[in-house]
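In listed order, ligands and their atoms are each counted from 1.
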Amino acid sequence: MTLDSHIDFDAAKSLEELHAMLELVKMKNGWAKPTPSLYPEPKRVFVPAHWQFKHARAALHTAGRLVSTEHAERRNLIMANPIPGNDYATVSTLVGAYQMVKAGEIARSHRHSPNAMRVILEGSENAYTVVDGQAVPMMNGDVLLTPNGCYHGHDNQSEHDAYWIDFLDVPLVQFLGPMFFQIHPHQLQASGVINAKSAMRFAFADYVPELLHRSTEASGVKLMELGPPRLCSFDRFVVSLEAKQDWRCPKTTANHLFVVLQGQGVTRVEGREFNWQRGDMMAVPSWYEHEHMAHEKSLLLRVSDLPLLKMLNWDHFDLS
Ligand code: GTQ
Ligand code: FE2
C-alpha cells in the first residue's frame, strides 16, 4: 500500500480494525494507551542512592595506575543511578562524578555546552582548574564553577593526587539535544594568572564562617546559597547541622544531590538509611521525603535542579 492511498476508515467493523488502520497513517489512539500519559503526581523513576568516597578514592587511585589523562579525557567515576538500563545520569537532569588528577598531571582543556561545577575533596594551593585562562586554586571544600562555554582544564602542580566531585547538567543536555564539545587547540589553555579570588570560586575558608553567622531557619538548620554567579540549571546551598540535629525535608519536584563536606550522620529516605561520612554523595530524586541526622556537627552541600523547575513554574503545584 502506498502512502497516499485511500484508507477507508468507515469500513472498520470493530475498534481493533480501526486501531490496525491507524498504523497505516502512523497514528496511535489516545484512548486505549497501555500507560497513561498524564498521572496525578510525579512518577518516581530514579531511586535514592548513596556513594562512598572511600570506594571512589580507592578505585581512582588504582585507575591512576591504569588510565592516563593522555588517553582518557577525564579520569572519573560516574555515579549512575542504579535503575535498570541507566549507565549515566545520577538523577534525571544531573550527573555526579568523582575525579582524580595525579600529582604533576594535567587534564587537558576543553569546553562544552553542559554547565559544570566541582567540590574539592582533596586539593592543594598548587592544584588548579584553569577556567578561561585563569588558574583557580582547588583547596579542600572549595566549590568551583565552570559555566557552559568556558574553556577548563585541570592542572595539579602539587605533590598529592587531587580528588573532587563534578556535577554537570549533561543528562538534561542529552535529553534536550543541544550538546556541543570542543577540545582546546593547546593541551592546557595558558594560565598566566593565578586568581584565588575568581568569581568562579567559593572558597571553603570564606563561605563556612559566613554560613555559621547566618541565623537558623525554621527548619532548624543554617542554609546559605553559594552565588551569584548562578548557573541556569542547578543551584548550590551549604547547610550546617548541629550534632544530633534532624533536618526534615518535604518532598519537592526538584532533584537533590548532597555531598558531605564535614562530619558524619545518616540520611533517611522512605525506609532507606544512608550512613555518611566526609566526601560521600547521596541522590534524592524528586518526590521523595527525606531527613538528615548529624551524629556530630556537620556540613552538607546541596545541589538541585530547582532553578529549572522554577523557570518553568513547576517547582510547586497545588491541585487541592
Ligand atoms: O572535568 O571537565 O566528570 O567535562 C565529566 C565531564 C568532568 C571536566 C566530568 C567533564 C569533566
Ligand atoms: Fe569539562
Distance-only donor-acceptor check, side chains [X] and [Y], under 3.5 Å:
X      : Y      : value
Asn195 : Gln134 : yes
Thr146 : Arg118 : yes
Asn126 : Ser158 : no

Checklist outcome for this item: Taking every heavy atom of Arg201 against every heavy atom of Leu144, the minimum-distance pair comes out as CG-CD1, 4.0 Å

Next on the checklist: ring-ring contact (aromatic ring centres under 6.0 Å, His included), that's the test. Do Phe258 and His290 meet it? Break it down for me.
Outcome noted: CA-CA 12 Å; Phe258 295 90; His290 51 289; 5.6 Å; yes

Item to check | ring pair (Phe, Tyr, Trp, His ring centres under 6.0 Å), paired with His292, selected from Trp247, Trp276, Phe274 | outcome: Trp247

Next on the checklist: Quick check on the 6.0 Å ring-centre criterion: do His110 and His184 meet it?
Outcome noted: no

Checklist entry - Glu225 and salt bridge (charged side-chain N to carboxylate O under 4.0 Å, His left out): which partner among Arg214, Arg230, Arg302? => result Arg230

Item to check | Within less than 2.8 Å of the Fe ion (ligand 2): protein N, O or S atom count | outcome: 3

Next on the checklist: Would Glu289 and Arg248 count as a salt bridge (charged side-chain N to carboxylate O under 4.0 Å, His left out) here? Give the steps.
Outcome noted: CA-CA 8 Å; Glu289 213 179 292; Arg248 288 163 190 272; over 6 Å; no

For ligand 1, run through the N/O pairs with the protein that fall under 3.5 Å and put one pair on each line.
residue	atom	partner	partner atom	Å
ligand 1	1 (O)	Arg74	NE	2.9
ligand 1	1 (O)	Gln99	NE2	3.1
ligand 1	1 (O)	Arg118	NH1	3.2
ligand 1	1 (O)	His154	NE2	2.7
ligand 1	2 (O)	Arg74	NE	3.0
ligand 1	2 (O)	Arg74	NH2	3.2
ligand 1	2 (O)	His110	NE2	3.0
ligand 1	2 (O)	His152	NE2	2.9
ligand 1	3 (O)	Asn76	ND2	2.9
ligand 1	3 (O)	Asp166	OD2	2.8
ligand 1	4 (O)	His110	NE2	2.9
ligand 1	4 (O)	His112	NE2	3.0

